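Notes follow once the structure below has been shown.
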Protein chains: 2
Amino acid sequence: MTVLSLPPLDLDAAVAPAEDDSPLRSVSTAVAVLDCFAEEAELGATRVAARLGIAKSTACRMLAALATGGLLERTGSGRYRLGLRLFEYGQLAVDRLMLRDVALPAMGELRELLRETIQLGVVVGTDVLYVERTEAASMNVRFRSEHRRNPAHSSSTGRVLAAGDPALATAILERGFVRYTPFTVVDPQRYRQILATTREQGYATSREEFEPGWSSIAAPITMMRGGRPHPVAALSVVAPTSRVLGHRKPAVVQGVRRAAARVSADLERARS
Amino acid sequence: MTVLSLPPLDLDAAVAPAEDDSPLRSVSTAVAVLDCFAEEAELGATRVAARLGIAKSTACRMLAALATGGLLERTGSGRYRLGLRLFEYGQLAVDRLMLRDVALPAMGELRELLRETIQLGVVVGTDVLYVERTEAASMNVRFRSEHRRNPAHSSSTGRVLAAGDPALATAILERGFVRYTPFTVVDPQRYRQILATTREQGYATSREEFEPGWSSIAAPITMMRGGRPHPVAALSVVAPTSRVLGHRKPAVVQGVRRAAARVSADLERARS
DNA sequence: ACCGTCGTTCCGTAAAGCGGAACGCACTGT
DNA sequence: ACAGTGCGTTCCGCTTTACGGAACGACGGT
């Protein structure tokens with residue numbers, strides 16, 4: 001499970017500061033309850049209550065309500081887990097982006113061309129979410145597929161998107177930088193410099209800044225918005241460092257840029 | 001969009017009877033709000049309020065709360081759509097079933113063996129939800145991939161699961177039968193007969209009962225529960241009728257049953 | 001058989017959300 | 001250009017609703 005790759009945390013401490021910046025408190029806490037299941041697969045009322053700092057009865061009611069709504073499911077022993085209705089909603093959410101269907105052919109060709117894993121990422125908040133990933137079939141080493149979500153600052157996808165979106169860039173800078181490896185860039189000034197370089201070059205790189213041994217190159221997928229191209233997603237190639245940043249780098253850069261440009265054009269064409 | 005394949009409905013009528021059988025009314029209505037987006041991609045406060053029969057102000061607050069939680073996203077013009085956090089949760093939900101990862105290899109082999117589209121389906125409520133689908137690469141005719149969810153009564157997957165789960169069978173019978181094609185079985189007595197035959201044979205069929213021209217054969221994936229095998233999912237082969245129910249039927253039946261049995265065994269082995 | 005823990009239920013209190021109406025804005029048809 | 005219509009959002013008082021604490025029943029380990 002993903003828990004293994006996370007830093008150890010006190011499960012019985014109130015980690016959520018109960019961020020209530022909106023009305024409808026019950027809905028906010030209901031979402032917070034869902035969030036608890038992002039880290040742990042199966043939870044009961046007591047753990048949820050402890051984690052959120054709410055009464056056990058409240059947690060119990062929340063769980064029951066979410067379960068009748070199908071967002072959670074009851075396991076055998078009275079505990080709960082994420083429900084399959086969430087899968088349904090999630091599929092609808094990405095299907096309606098009209099992005100995956102358009103990008104999949106280009107991703108397949110790029111994978112065949114480079115024989116590496118190709119990712120399609122979008123931004124949610126200050127994180128990068130990988131909506132699709134096609135892996136080279138006969139690879140003996142596979143990128144750890146547990147990572148569906150990265151902080152944006154340390155990934156090439158996040159950089160290529162932040163380079164074209166000043167609001168995202170400032171959000172990332174305000175959020176702060178977490179060091180994952182000795183190579184992770186955590187200096188704001190250096191980060192700004194990287195974004196400037198990314199803007200000039202039209203692609204971004206990340207050298208072992210999130211997972212030791214793994215690097216990536218990303219190019220933006222854009223949509224015309226107000227006459228100017230605006231990045232909405234990115235294609236990235238992720239592989240062991242020597243295979244993307246070594247002598248193959250020019251080929252990878254050219255390949256991913258062409259593929260991303262093709263997806264951008266197809267997206268524009270599919271815009272009805 | 002999926003809307004096109006649905007019967008025409010009055011969008012401005014209150015379709016949801018406001019089923020509040022649970023406490024935490026706000027959470028229930030919040031889930032109902034999410035449900036609205038299952039049928040339509042983009043909605044505003046007014047339409048949601050009309051559809052659920054609630055005040056416009058209430059709908060607006062709900063939408064805002066769900067958006068701050070990431071379950072919804074704002075579009076440019078003040079309307080909302082399903083948020084990508086739902087995709088994240090949905091992926092976690094299926095990943096934790098430990099089902100897709102186990103089934104994917106067998107599905108790939110079955111696809112290569114039969115050169116047809118293979119589906120992995122589970123039951124949610126009285127519907128079948130397809131968690132994974134691998135399509136034969138060089139098929140000129142593709143099954144309409146918009147269908148991620150079917151009513152259980154008209155699909156081979158639903159029958160093979162209902163045959164081994166009396167509770168599901170009665171739920172389907174109580175829910176009632178909708179006719180999609182001239183071939184759809186809508187007689188309860190005939191349906192019971194089909195379930196009995198399914199139990200004997202160990203597989204189920206559906207002959208153009210949901211989509212004209214398309215038929216399917218399904219076999220159950222089981223897990224041992226209380227000493228008895230209990231169906232938890234099903235593999236199905238879907239293709240134009242002549243390709244699954246014609247002279248190839250014995251090969252298809254044998255292939256899908258073997259694959260499902262292998263997944264069941266792997267699932268048992270992976271159970272830690 | 002005991003005790004600890006968990007999920008669930010009950011109940012009084014107080015806060016939280018509901019509905020109606022008013023506001024600001026964007027678009028449209030004259 | 002202008003008014004009209006539709007939208008999403010906000011405000012406010014009243015009522016409902018959900019919160020928290022404690023008690024209950026069940027399960028499982030010792």
Side-chain angles (χ1 to χ4, degrees), chain A residues 11-14 16-34 36-37 40-69 71-83 225-226, chain B residues 11-14 16-34 36-37 40-69 71-83 225-226:
Chain A
L11 293 179
D12 297 333
E19 35 171 345
D20 56 85
D21 47 350
S22 78
L24 270 72
R25 186 154 178 180
S26 344
V27 177
S28 302
T29 60
V31 174
V33 168
L34 276 184
C36 293
F37 289 88
E40 217 154 344
E42 225 175 287
L43 285 171
T46 305
R47 315 266 316 242
V48 170
R51 193 180 274 250
L52 271 67
I54 59 179
K56 200 166 55 166
S57 57
T58 304
C60 192
R61 263 169 296 164
M62 286 286 172
L63 292 168
L66 290 170
T68 59
L71 303 187
L72 294 179
E73 288 174 357
R74 304 202 49 151
T75 69
S77 57
R79 287 202 293 276
Y80 295 84
R81 67 179 167 203
L82 292 174
R225 197 178 291 173
Chain B
L11 293 178
D12 297 333
E19 35 171 346
D20 55 88
D21 47 349
S22 79
L24 271 74
R25 186 153 179 184
S26 343
V27 177
S28 303
T29 59
V31 175
V33 168
L34 276 184
C36 292
F37 289 88
E40 218 155 344
E42 225 176 287
L43 285 171
T46 304
R47 314 249 341 218
V48 170
R51 196 180 272 250
L52 270 66
I54 59 179
K56 200 166 58 166
S57 58
T58 305
C60 189
R61 264 169 296 167
M62 288 287 171
L63 292 168
L66 290 170
T68 59
L71 303 188
L72 293 179
E73 287 174 355
R74 304 201 48 151
T75 68
S77 57
R79 286 200 294 276
Y80 295 85
R81 67 178 168 203
L82 292 174
R225 197 177 293 173

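Since we're looking at a predicted model, the values are computed, not measured. Here is the naming used below: chain letters follow the sequence lines, and residue numbers restart at 1 for every chain.
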What pairs of nitrogen or oxygen atoms, one from the protein and one from nucleotides 11-14 of chain D, lie under 3.5 Å apart?
none

Scan nucleotides 12-16 of chain C against the protein and return all N/O pairs shorter than 3.5 Å with their distances rounded to 0.1 Å.
residue: C:dA16; atom: OP1; partner: A:R25; partner atom: NH1; Å: 2.9

Sort me out a list of protein N/O and nucleotides 3-7 of chain C N/O pairs below 3.5 Å, or just none if empty.
residue: C:dG7; atom: OP1; partner: A:A45; partner atom: N; Å: 3.1
residue: C:dG7; atom: OP2; partner: A:A45; partner atom: N; Å: 3.2
residue: C:dG7; atom: OP2; partner: A:T46; partner atom: N; Å: 2.7
residue: C:dG7; atom: OP2; partner: A:T46; partner atom: OG1; Å: 2.6

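Residues B:A30 and A:V27 approach most closely at CB-CG2, 4.1 Å, considering heavy atoms. In this structure, B:L52 and B:A32 approach most closely via the heavy-atom pair CD2-CB, 3.5 Å. The minimum heavy-atom distance linking B:Y80 with B:A67 is given by the pair CE2-CB, 3.8 Å. Residue B:A59 comes nearest to B:A45 through the heavy atom pair CB-O, 3.6 Å, listed as atom of the first residue, atom of the second, then distance. Looking at every heavy atom in both residues, B:S26 comes nearest to A:S26 through OG-OG, 3.5 Å. A:L63 and A:V33 make their closest contact through CD2-CG1, 3.9 Å (heavy atoms, listed as atom of the first residue, atom of the second, distance).
The salt bridge (Lys or Arg N to Asp or Glu O under 4.0 Å) search around A:R81 returns A:E73, not counting sequence neighbours. Checked against side chain to side chain contact (heavy atoms under 4.5 Å, CB included), B:R79 has the following partners two or more places apart in sequence or in another chain: B:E42, B:T75, B:S77.
Separating the CZ atom in A:R51 from the CD atom in A:E40 is a distance of 5.5 Å, to the nearest 0.5 Å.
In this structure, B:L63 atom CG and D:dT9 atom C1' are separated by 11 Å, rounded to whole Å. When rounded to the nearest whole Å, the span between CZ of B:R81 and P of D:dG8 equals 16 Å. The CD1-C1' distance, from A:I54 to D:dA18, rounds to 12 Å in whole Å. For B:E42 and D:dC7, the CD to P distance is 14 Å, given to the nearest whole Å. The interatomic distance linking A:L52 (CG) with D:dC19 (P) rounds to 12 Å, in whole Å.
Using five terminal pairs a side, the axes of the helix from C:dA1-D:dT30 to C:dT30-D:dA1 at its two ends make an angle of 50°, given in steps of 10 degrees.
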Exercise for review: Starting from the C-alpha separation in whole Å, work towards a yes-or-no answer on side chain to side chain contact (heavy atoms under 4.5 Å, CB included) for B:M62 and B:V48.
Suggested key: CA-CA 10 Å; B:M62 288 287 171; B:V48 170; over 6 Å; no
